[in-house]
Amino acid sequence: MERTFVMVKPDGVKAGLVGECIRRYEARGLALVDLRLDRLTAEIAQVHYGEHAGKPFFPGLVEHVTSGPVVLMVLEGEGAVAAARKTNGATNPLDAEPGSIRGDFALEITANVVHGSDSVTTAEREIGIFFPNLK
Ligand SMILES: Nc1nc2c(ncn2[C@@H]2O[C@H](COP(=O)(O)OP(=O)(O)OP(=O)(O)O)[C@@H](O)[C@H]2O)c(=O)[nH]1
Ligand SMILES: [Mg+2]
């Protein structure tokens, strides 16, 4: 069964959207494998978003995700990676369809409520960073 990694970013936690996000993933049929409220250090955020290092938005992205608590989770189900990303909506909330989390709850690209792994390989890498004891 496929697994993916999802994070509710600090803006989503501050807006009280944790339950709403989890409700949507679970309603879709994705099962929670693990879940934790945490704060990211700059070091962990830089590793997690390593593919974006050097891009103009990278410092602001790291600053945002370290600005407050986040909720980290591993979800499991058929096509979990694609399913979670569809539920999240397009990266830029202005392009995200209504009915998606970003389309319903965000306007800004940095503070876009959620993160979801972009492939099975990325999911394995990200789960390894945040839930190293999960096998
Ligand atoms: N300001 C700004 N932020 C960006 C831009 N592209 C990406 N980001 C931010 O960086 C995060 C990661 O970017 P990507 O990995 O390309 O986006 P994604 O895979 O569609 O979505 P994620 O699930 O967040 O990883 C996004 O969620 C945005 O918050 C950009 O062009 N400008
Ligand atoms: Mg991404």
Side-chain angles (χ1 to χ4, degrees):
M1 193 63 89
E2 194 168 296
R3 285 181 176 182
T4 192
F5 168 74
V6 164
M7 170 169 68
V8 184
K9 293 179 171 183
D11 58 295
V13 175
K14 283 197 188 86
L17 290 170
V18 173
E20 176 69 21
C21 293
I22 295 172
R23 190 196 65 75
R24 289 178 180 220
Y25 301 131
E26 289 190 314
R28 189 94 197 258
L30 297 170
L32 275 168
V33 177
D34 211 336
L35 174 76
R36 157 172 110 248
L37 183 82
D38 208 346
R39 274 175 171 273
L40 303 192
T41 63
E43 290 71 23
I44 291 285
Q46 283 161 3
V47 170
H48 168 64
Y49 284 119
E51 64 169 307
H52 300 303
K55 296 181 186 173
F57 62 83
F58 184 72
L61 180 61
V62 170
E63 189 181 338
H64 175 59
V65 297
T66 57
S67 67
V70 294
V71 169
L72 312 171
M73 67 189 94
V74 177
L75 295 168
E76 187 173 76
E78 190 82 38
V81 169
R85 284 176 70 85
K86 276 280 187 189
T87 298
N88 290 351
T91 311
N92 186 339
L94 298 180
D95 298 326
E97 297 293 335
S100 66
I101 291 171
R102 288 163 174 165
D104 288 347
F105 300 117
L107 289 173
E108 293 174 28
I109 190 166
T110 302
N112 59 357
V113 189
V114 277
H115 160 83
S117 307
D118 64 11
S119 69
V120 170
T121 305
T122 303
E124 283 171 4
R125 186 180 82 84
E126 294 176 346
I127 291 167
I129 294 171
F130 295 105
F131 295 95
N133 297 326
L134 213 57
K135 60 163 228 55

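When a ligand or atom number is given, it counts from 1 through the structure's own listing order.
When each atom of ligand 1 is checked for a heavy atom of His115 under 4.0 Å away, the hits are 22 (P), 23 (O), 24 (O), 25 (O). Heavy-atom contacts of Gly116 reach the following atoms of ligand 1: 23 (O) (cutoff under 4.0 Å).
A donor-acceptor pair is defined here as one N or O able to donate and one able to accept, closer than 3.5 Å; such a pair exists between the side chain of Arg102 and the backbone of Val114. Judged purely by atom type and a 3.5 angstrom limit, Arg24 has no side-chain atom pairing as donor or acceptor with the backbone of Thr87. Asn112 places a side-chain N or O within donor-acceptor distance of the main-chain N or O of Thr91, the cut-off being under 3.5 Å. Using modelled atom types, no side-chain atom of Glu2 and backbone atom of Val120 make a donor-acceptor pair closer than 3.5 Å. Between the side chain of Ser117 and the backbone N or O of Thr4, no donor-acceptor pair lies under 3.5 Å.
Judged by the 6.0 Å distance and 45° axis criteria, Arg36 is positioned over the aromatic ring of Phe131.
Among protein heavy atoms, the minimum distance from atom 24 (O) of ligand 1 is reached at Arg102 NH2, 3.2 Å. Scanning the protein heavy atoms around atom 19 (O) of ligand 1, the nearest turns out to be Arg85 NH1, 3.0 Å. Scanning the protein heavy atoms around atom 20 (O) of ligand 1, the nearest turns out to be Thr91 OG1, 2.3 Å. Given atom 10 (O) of ligand 1, the protein heavy atom at minimum distance is Leu61 CD2, 3.3 Å. Closest protein heavy atom to atom 28 (C) of ligand 1: Ile109 O, 3.2 Å.
Summarising the contacts of atom 13 (O) of ligand 1 with Lys55, His52, His64, Glu108, the nearest heavy atom is found in His52. Heavy-atom proximity to atom 8 (N) of ligand 1, evaluated over Tyr49, Phe57, Phe5, is greatest for Phe57.
Atom CD of Glu26 is surrounded by more than 12 heavy atoms from other residues, nucleotides or ligands within 6.0 Å.
Checking only distances, Lys9 does come within under 3.5 Å of ligand 1, N or O to N or O.
Contact annotation: for Asn112 versus ligand 1, heavy atoms closer than 4.0 Å belong to the side chain alone.
Using cut-offs of 30° and 60° for the angle between ring planes, the His115 and Tyr49 rings count as perpendicular.
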